[in-house]
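For reference, the structure is listed below as structure tokens.
For the numbers below, each heavy atom of this structure counts, side chains included, while hydrogens, waters and symmetry mates do not. Position 1 is the first residue of the sequence, and the numbers go up from there.
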Amino acid sequence: MQPVQYFFGIIYAPTVPVENIKNIISDAFGVLDDYFEEFLFDKTSYYAPEMGENLKKAFFSLKNTKIPYKIAEFKESSIVLEREFFTEKGKRLVNIDPGYLDLTKIVLASTKYGGHKIALSNTMYADMVMEYYKGEFRGFDWTFPDFKSGMYDGYFKRLRELYRGKVKGEAFSSF
């Protein structure tokens, strides 16, 4: 089994310092790559009732590759981190979405059932949101609007190249 490149998509309220989030993610999941990007999260208002307005989204990636089926464990741990560190007055200020990419796709973990999602446990699903085809990422009917918009394509192309360099000639000992 080939390892994959894990990343964390973080949606957060502007009152939460991104450096704090980064440190907690690193402490929980391992050393992060230096490469990350930050975006305005403005393609949907889904999280606004809980987290407020003017949300941002950042992506952090793990330095070491891991086996793909860790995604369910990462999502379960992410939910605990959200409750423990990023909840105020019963509302989340941070949403942590673990995902991974390999050379052909981007997969996110989800606790929500969908006809296209693959069950990983009683409560966890794998959601393939993008495929890499002929040098481009492309979404599906079910792909989230922010991913579909293309705003993250540059980030994921760069991350894919970093991943390619990691697995090229790798003995796959970084599981």
Side-chain angles (χ1 to χ4, degrees), residues 1-39 41 44 46-52 55-102 105-114 116-130 142-144 146-147 152 155-156 159-160 162-163 166-167 170 172-175:
M1 178 181 308
Q2 186 161 338
V4 296
Q5 175 63 61
Y6 275 93
F7 64 87
F8 297 87
I10 314 297
I11 301 167
Y12 60 100
T15 57
V16 181
V18 73
E19 196 62 33
N20 290 2
I21 301 168
K22 185 177 180 182
N23 290 337
I24 289 168
I25 296 292
S26 180
D27 288 347
F29 299 105
V31 178
L32 299 175
D33 278 325
D34 292 331
Y35 179 62
F36 89 98
E37 280 194 44
E38 194 173 34
F39 302 87
F41 187 72
T44 177
Y46 179 83
Y47 291 97
E50 182 179 17
M51 299 171 68
L55 299 176
K56 294 183 180 180
K57 186 163 188 169
F59 289 99
F60 305 109
S61 60
L62 289 180
K63 189 170 189 93
N64 293 325
T65 56
K66 305 277 183 197
I67 48 181
Y69 61 77
K70 282 225 169 265
I71 196 165
E73 176 186 320
F74 282 6
K75 182 63 177 176
E76 290 166 0
S77 296
S78 295
I79 293 167
V80 171
L81 293 177
E82 289 172 3
R83 288 185 195 138
E84 187 174 334
F85 294 103
F86 303 115
T87 301
E88 190 174 276
K89 297 178 184 174
K91 294 187 175 189
R92 286 182 304 170
L93 298 176
V94 173
N95 179 71
I96 303 169
D97 284 326
Y100 68 75
L101 65 75
D102 60 21
K105 64 188 167 295
I106 296 173
V107 176
L108 299 177
S110 178
T111 58
K112 298 172 192 85
Y113 173 77
H116 63 280
K117 296 178 183 180
I118 306 299
L120 301 173
S121 72
N122 286 340
T123 59
M124 207 61 59
Y125 301 91
D127 184 0
M128 188 169 96
V129 295
M130 302 287 280
W142 59 82
T143 299
F144 298 109
D146 55 328
F147 277 83
Y152 308 142
Y155 171 79
F156 285 114
L159 187 61
R160 183 179 180 276
L162 289 172
Y163 166 71
K166 290 176 187 180
V167 297
E170 185 177 273
F172 306 121
S173 60
S174 60
F175 288 46

### Message
Can you give me the closest heavy-atom contact between Gln2 and Pro68, atom names plus distance?
### Response
O-CD, 3.8 Å
### Task
Check whether the side chains of Asp146 and Tyr152 place a donor and an acceptor atom closer than 3.5 Å, and report yes or no.
yes
#### Entry: Closest non-hydrogen atom pair between Pro98 and Ile71, with its separation
O-CD1, 4.0 Å
### Query
Hey, mind stepping through Asp102 and Gln5 against side-chain contact (heavy atoms from CB on, under 4.5 Å) and telling me if it holds?
CA-CA 6 Å; Asp102 60 21; Gln5 175 63 61; over 6 Å; no
### Query
For the residue pair Ile106 and Phe156, what are the closest heavy atoms and their distance?
CD1-CG, 3.6 Å
### Message
Quick test of your reading of the model: are Asp127 and Lys75 salt-bridged, counting only N-O distances below 4.0 Å?
### Response
no
### Query
Taking atom CG of Asn122 and atom OG1 of Thr111, what is their separation to the nearest 0.5 Å?
13.0 Å
### Message
I'd like to know whether CG of Asp34 has more than 12 heavy-atom contacts from other residues, nucleotides or ligands below 6.0 angstrom.
### Response
no
#### Entry: Rounded distance [0.5 Å steps], CG in Leu55 versus CG in Asn95
10.0 Å
### Query
What closest approach, in Å, do Gly30 and Leu62 show between heavy atoms, and which atom pair accounts for it?
O-CD2, 3.8 Å
### Check: Tyr6 ring centroid to Phe74 ring centroid under 6.0 Å
yes
#### Entry: Ring centroid separation Phe60 to Phe8 under 6.0 Å
no
### Task
With rounding to the nearest 0.5 Å, note down the distance linking OG1 in Thr65 to CG in Leu162.
12.5 Å
## Note on the structure
Interatomic distance, NZ@Lys70 vs OH@Tyr100, rounded to 0.5 Å, equals 13.5 Å
### Query
Can you name the nearest heavy-atom pair linking Met51 to Arg92, along with the distance?
CG-O, 3.1 Å
### Task
With the side chain counted from C-beta on, respond yes when Phe29 and Lys66 share a heavy-atom pair under 4.5 Å apart, and no when they do not.
no
### Task
Mind checking side chain to side chain donor-acceptor pair (under 3.5 Å) for Tyr35 and listing every partner two or more places apart, or none if nothing turns up?
Glu37
#### Entry: Whether Thr87 side chain and Glu82 backbone form a donor-acceptor pair below 3.5 Å
yes
### Message
Checking ring pair (Phe, Tyr, Trp, His ring centres under 6.0 Å) between Tyr155 and each of Phe7, Phe36, Phe39, Phe59, which is the one that passes?
### Response
Phe59
What side-chain donor-acceptor pairs closer than 3.5 Å can you find for residues 10-25, not counting sequence neighbours?
residue : atom : partner : partner atom : Å
Tyr12   : OH   : Glu38   : OE2          : 2.1
Asn23   : ND2  : Glu19   : O            : 3.3

### Query
Which atoms form the tightest heavy-atom contact between Lys63 and Lys166, and what is the distance?
O-NZ, 2.8 Å
